[in-house]
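Hydrogens, waters and symmetry mates play no part in the numbers below; they use all other heavy atoms, side chains included.
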Amino acid sequence: MPIREDVIVVGGGIAGTTAALAAAETGAEVRLLSHKKSTLRQASGLVDVLGAVGGDGPIADPFEAIERLPDDHPYRVVGAESIRDGLRFFDDVAGDVYAGGHTDRNALVLTHGGTIKPTARYPESVAPGLASAAADTLLVGFAGLTDFDAPVAADHLAATGVPFEVDGVTVRFPIEFRDDARTTRLAKALDADEDHARKRLADSIADAETDLDYNRVGFPAMLGDDHAAAVRDELADRLGAAVFEIPTGPPSLLGMQLEDLLFDALDDAGVRISAGNPAVGYEAADGRLESVTVDRRGQNVPYHAAEVVLATGGLVGKGIDSDRESVTEPIFDCHVPHPSDRYAWSEDDAFGDHAFARFGVVPDDDLRPTDDAAEPHFENLRAAGGVLGGADVAREKSAAGVSLATGAYAGRRAGEEATR
């Protein structure tokens, strides 16, 4: 039997999952196509809306700064209400696992490099460590965990002028593992309190050399998984200080936990999920998509739908492809404008305003990708997230916010059109 849905969403990141949830909320039957594990597992688990404009930041209130963005920025296309709508979807999914929903203003979160990042939503385990709180802080790293050097991070943090004293120490993890042990393995050891790991960890910190009379202690984000709150509570009780987690680089436990939250929400919403096989093409007639073609072990299988949302990510997620001569969108062959001179794609300054960072499809005011004549590529195709052009999300610190806002808009419009 043909596979047929009201809405098909291609892509399993924040934009794709939000689009699927928004479409399902309209009453549409929805299927999510996800080829590989999403880049959420490599992300910090933070939800940034807008932290800088044109390299200037940090921004306190992202909503007040939207008008400073270029006209073709996705936020300017969908508007502030769509940003709020995307955050509403996120808050419904995250519940009390995330903080920040009480205000429009960004929070200042410590990073594993010792910098401060403005972000709109952050895990509850991160909240006690906000840089705006004047509480003397001890950072703790583990020998062999090379992506977090606590003393170096503490020095960097102190250099930013934070309103508290900060120090960093390195201790041995209380259980011997290989130096390349996964973060999840260490978290599970604390979950199960293997060999009294929590007490031994607290004791090693108490014995560490520091002159700081600290009020809070920050660890890389690996303080348990299934029983993380219990791990933090016990450590806080033994140390006599608040305990918080610091978002880390990949593999990111907080990113994995966020992915689990989103996919649990899809299950609850009745969204069908097809994972493990890539979308490779399409069938179309009279300016409308009829199906998305999926490669299942070498066999092309059509997935039919009334409406389609493209949410495959940008250059990093391979939703946009490039070679030495051109930039393309590989599934639907949507138009991706770019300079013909490849040397114009980037600047000499590594942290400069690079053209490639804004490559993506160009949407109309209904988020439909347009052709080189500014007409919709297909009447029933919308795009969301990193595949959209016009935003330098890394420089702006806006990746998750763009995905939420455009995912909510594209999914809702697809659902409305499919069910009317």
Note to self: Parallel, tilted or perpendicular: which one describes the rings of His354 and Phe356, with boundaries at 30° and 60°?
What the structure shows: parallel

Next item on the list: Using atom types as modelled and distance alone, determine if a side-chain donor or acceptor of Ser82 lies under 3.5 Å from a backbone N or O of Ala405.
Entry: no

Notebook entry, point to check: Charged N to carboxylate O under 4.0 angstrom, Glu325 versus Arg342?
Noted result: no

Checklist line | Sole candidate of Glu417, Glu283, Glu307 that passes salt bridge (charged side-chain N to carboxylate O under 4.0 Å, His left out) when paired with Arg288 | finding: Glu307

Next item on the list: Could you tell me whether the side chains of Ser274 and Arg31 share a donor-acceptor contact shorter than 3.5 Å?
Entry: yes

Next item on the list: Determine the sole option in Leu367, Asp71, Thr406 for which the side chain to side chain contact (heavy atoms under 4.5 Å, CB included) test with Val77 is passed.
Entry: Leu367

Checklist line | Arg76 bridged to Glu67 by N-O distance under 4.0 Å | finding: yes

Item checked: CZ on Arg412 to CG on Leu21, rounded to 0.5 Å -> 14.5 Å

Notebook entry, point to check: Quick one: do the Thr210 and Asp167 side chains pair a donor with an acceptor below 3.5 Å?
Noted result: yes

Margin query: Can you confirm if the aromatic rings of Phe244 and Phe219 lie within a centre distance of less than 6.0 Å?
Written below: no

Margin query: What verdict does the side-chain hydrogen bond (donor to acceptor under 3.5 Å, both in side chains) test give for Thr111 and Thr115, after you've listed the backbone C-alpha separation in whole Å, the side-chain angles of each residue and the deciding distance to 0.1 Å?
Written below: CA-CA 5 Å; Thr111 73; Thr115 60; 2.6 Å; yes

Notebook entry, point to check: Between CG of Leu186 and CG of Leu190, what distance do you get to the nearest 0.5 Å?
Noted result: 7.0 Å

Item checked: N/O donor-acceptor pair under 3.5 Å between Asp371 side chain and His377 backbone -> no

Check: Is Glu5 paired with Arg272 through a side-chain N to carboxylate O contact shorter than 4.0 Å?
Finding: yes

Notebook entry, point to check: Should Thr119 and Asp48 be marked as a side-chain hydrogen bond (donor to acceptor under 3.5 Å, both in side chains) after you check the CA-CA gap, both sets of side-chain angles, and the distance that decides it?
Noted result: CA-CA 4 Å; Thr119 193; Asp48 305 328; 2.5 Å; yes

Next item on the list: Say whether, by atom type as modelled, one donor and one acceptor occur between the side chain of Asp225 and the main chain of Thr184 under 3.5 angstrom.
Entry: no

Checklist line | Asp286 atom CG, over 12 foreign heavy atoms within 6.0 Å | finding: no

Check: Got a sec, which pairs hit side-chain hydrogen bond (donor to acceptor under 3.5 Å, both in side chains) with one end in residues 120-132, sequence neighbours left out?
Finding: Asp91-Arg121, Glu124-Arg232, Ser125-Glu245

Next item on the list: Using a 4.5 Å cut-off on heavy atoms from C-beta on, say whether the side chain of Leu254 contacts that of Ser44.
Entry: no

Note to self: We want to know whether His335 and Glu329 form a side-chain donor-acceptor pair, criterion being a heavy-atom distance below 3.5 angstrom.
What the structure shows: no

Notebook entry, point to check: Do the non-hydrogen side-chain atoms of Leu404 and Ile14 ever get within less than 4.5 Å of each other?
Noted result: yes

Notebook entry, point to check: How long is the span from the CG atom in Asp61 to the CD1 atom in Ile66, to the nearest 0.5 Å?
Noted result: 8.5 Å

Margin query: Distance check, rounded to the nearest 0.5 Å: Glu375 atom CD versus Asp364 atom CG?
Written below: 9.0 Å

Checklist line | salt_bridge(Arg358, Asp72) N-O dist < 4.0 Å | finding: no

Check: Has Asp213 got more than 12 heavy atoms of other residues, nucleotides or ligands less than 6.0 Å from its CG?
Finding: no

Margin query: When you measure from the side chain of Asp191 to the backbone of His227, do you find a donor-acceptor pair of N or O atoms at a distance under 3.5 Å?
Written below: yes

Notebook entry, point to check: How long is the gap from CG on Leu87 to CZ on Phe63, to the nearest 0.5 Å?
Noted result: 5.5 Å

Item checked: With Glu165 via side-chain hydrogen bond (donor to acceptor under 3.5 Å, both in side chains) - residues at least two apart -> none

Item checked: Nearest non-hydrogen partners of Gly16 and Val9, listed with the distance -> O-CG1, 3.4 Å

Next item on the list: Run the salt-bridge test on Asp136 and Arg216 with the 4.0 Å N-O cut-off and return the result as yes or no.
Entry: no

Next item on the list: Mind running side-chain hydrogen bond (donor to acceptor under 3.5 Å, both in side chains) on Tyr409 and Asp366 for me, showing each step along the way?
Entry: CA-CA 8 Å; Tyr409 183 98; Asp366 205 23; 2.8 Å; yes

Notebook entry, point to check: Are the side chains of Phe148 and Phe142 in touch, meaning some heavy atoms are under 4.5 Å apart?
Noted result: no

Next item on the list: Would you indicate whether Arg105, at its atom CZ, is surrounded by more than 12 heavy atoms from other residues, nucleotides or ligands within a distance under 6.0 Å?
Entry: no

Next item on the list: Check the surroundings of atom CG in Asp341: do more than 12 heavy atoms from other residues, nucleotides or ligands lie under 6.0 Å from it?
Entry: yes

